[in-house]
Amino acid sequence: MENADTNSEGENDAEMKLLRDKFRLSAIAITESQAKQNGMTVSKVVVTCIADLAFKYTERVAKDLHLFAQHANRKSVNMEDVILCAHRNEHLSGLLRTFSNDLKAKDPQSERKRKKEIKKNDK
């Protein structure tokens, strides 16, 4: 039994490292692209630091989202959780609220259907 748990932890660690590495590569590519677009050069140390900070921030956001959904006795994260998670950043929070309202305005019936489905899934 312990061997199965150890294998599972090892697989989770390997999966987490792979995810982190892919995230870092994406963050580095975005940073370098933005620097080039703006006619700037950014040292490798700074690019690596930005990638690490972005990953740590994303981990924190994911944990917060999980806790918000758990606190509301739900198994899944919804748009309100995401907006709540961004409350410290007024600009981002405003953009997310606008995006959410635009989605609701485009298809108000599917929002009602989703709420019914979510209630069924959470029970």
Side-chain angles (χ1 to χ4, degrees):
M1 186 76 169
E2 288 179 29
N3 194 19
D5 290 341
T6 304
N7 287 341
S8 178
E9 286 179 24
E11 289 174 9
N12 286 343
D13 287 344
E15 205 173 287
M16 185 65 168
K17 286 179 183 178
L18 180 63
L19 180 63
R20 185 190 64 222
D21 290 344
K22 287 182 176 184
F23 184 95
R24 283 182 178 165
L25 287 173
S26 296
I28 288 168
I30 291 168
T31 303
E32 290 175 345
S33 171
Q34 288 297 308
K36 184 178 178 181
Q37 188 177 13
N38 292 303
M40 300 169 60
T41 57
V42 183
S43 72
K44 295 288 183 190
V45 174
V46 172
V47 170
T48 303
C49 184
I50 290 170
D52 286 340
L53 287 172
F55 185 75
K56 288 177 183 175
Y57 177 76
T58 304
E59 277 186 315
R60 170 56 36 210
V61 168
K63 287 177 185 175
D64 287 348
L65 289 171
H66 174 75
L67 289 173
F68 293 155
Q70 189 177 26
H71 179 73
N73 294 321
R74 286 184 274 105
K75 294 179 182 178
S76 59
V77 173
N78 65 24
M79 182 63 91
E80 292 303 315
D81 296 329
V82 176
I83 292 170
L84 179 62
C85 197
H87 78 278
R88 289 187 184 107
N89 184 334
E90 281 185 38
H91 180 69
L92 178 59
S93 183
L95 289 172
L96 288 171
R97 284 186 198 287
T98 302
F99 179 72
S100 176
N101 291 336
D102 290 348
L103 284 178
K104 288 176 185 174
K106 285 182 182 177
D107 199 7
Q109 281 191 344
S110 70
E111 181 65 26
R112 285 187 216 121
K113 288 179 185 176
R114 263 187 253 127
K115 284 183 182 179
K116 288 179 184 176
E117 288 174 9
I118 289 171
K119 287 179 183 177
K120 287 178 186 176
N121 290 339
D122 284 344
K123 290 181 180 179

> Starting at OG of Ser100, measure out to NZ of Lys104 and round the result to the nearest 0.5 Å.
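NZ of Lys104 is found 4.0 Å from OG of Ser100.
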> Any link between Ile30 and Val47 through a network of hydrophobic side chains (Ile, Leu, Val, Met, Phe, Trp, Tyr) touching at under 4.5 Å?
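No, Ile30 does not connect to Val47 through the hydrophobic network.
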> Does any non-hydrogen side-chain atom of Leu19 lie less than 4.5 Å from one of Glu15?
no
> Do Glu32 and Lys44 make a side-chain contact, defined as non-hydrogen atoms from C-beta onward lying under 4.5 Å apart?
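They are in side-chain contact.
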> Would you call Glu80 and Phe68 a side-chain contact if the rule is heavy atoms closer than 4.5 Å?
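Not touching, per the 4.5 Å side-chain cut-off.
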> Determine, stepwise, if the pair Val61 / Tyr57 fulfils side chain to side chain contact (heavy atoms under 4.5 Å, CB included).
CA-CA 6 Å; Val61 168; Tyr57 177 76; 3.7 Å; yes
> What's the spacing between Asp21 CG and Met16 CE if we round to 0.5 Å?
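Rounded to the nearest 0.5 Å, the CG-CE separation comes out at 11.0 Å.
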> With rounding to the nearest 0.5 Å, note down the distance linking CG in Leu67 to CG in Leu84.
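It is 11.0 Å, given to the nearest 0.5 Å.
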> Hey, any chance Phe55 and Ile50 share a hydrophobic cluster, counting ILVMFWY side chains that come within less than 4.5 Å of each other, even indirectly?
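No: no chain of side-chain contacts under 4.5 Å links Phe55 to Ile50.
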> Looking at CZ of Arg74 and NE2 of His71, how far apart are the two atoms once the value is rounded to the nearest 0.5 Å?
10.0 Å
> If every non-hydrogen atom of Val77 is compared with every non-hydrogen atom of His66, which pair is closest and at what distance?
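For Val77 and His66, the tightest heavy-atom pair comes out as CG2-N, 4.5 Å.
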> Between Asp52 (side chain only) and Cys49 (backbone N and O only), is there a donor and an acceptor less than 3.5 Å apart?
no
> Could you measure the distance from the CZ atom of Arg97 to the CG atom of Asp102? Nearest 0.5 Å is fine.
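Nearest 0.5 Å value for the CZ-CG distance: 13.5 Å.
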> Can you tell whether the side chains of Asp13 and Lys17 come within less than 4.0 Å, N to carboxylate O?
no
> Write down the atom of Ala69, the atom of Ser76, and the distance for their closest heavy-atom approach.
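Shortest heavy-atom separation between Ala69 and Ser76 comes out as CB-O, 3.5 Å.
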> Is there a continuous path of hydrophobic side-chain contacts, each under 4.5 Å between heavy atoms, that joins Leu25 to Leu53?
no
> Considering only heavy atoms from C-beta outward, does the side chain of Asp81 approach that of Asn78 to under 4.5 Å?
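They are in contact (side-chain heavy atoms under 4.5 Å apart), so the answer is yes.
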> I'd like to know if Phe99 and Leu92 are part of one continuous hydrophobic network [Ile/Leu/Val/Met/Phe/Trp/Tyr, side-chain heavy atoms within less than 4.5 Å].
yes
> Closer than 3.5 angstrom, by distance alone: can the side chain of Thr98 be matched with the main-chain N or O of Gly94 as a donor-acceptor pair?
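Side chain of Thr98 to backbone of Gly94: a pair is present.
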> If I take atom OG1 from residue Thr31 and atom CZ from residue Arg24, how far apart are they, to the nearest 0.5 angstrom?
13.0 Å
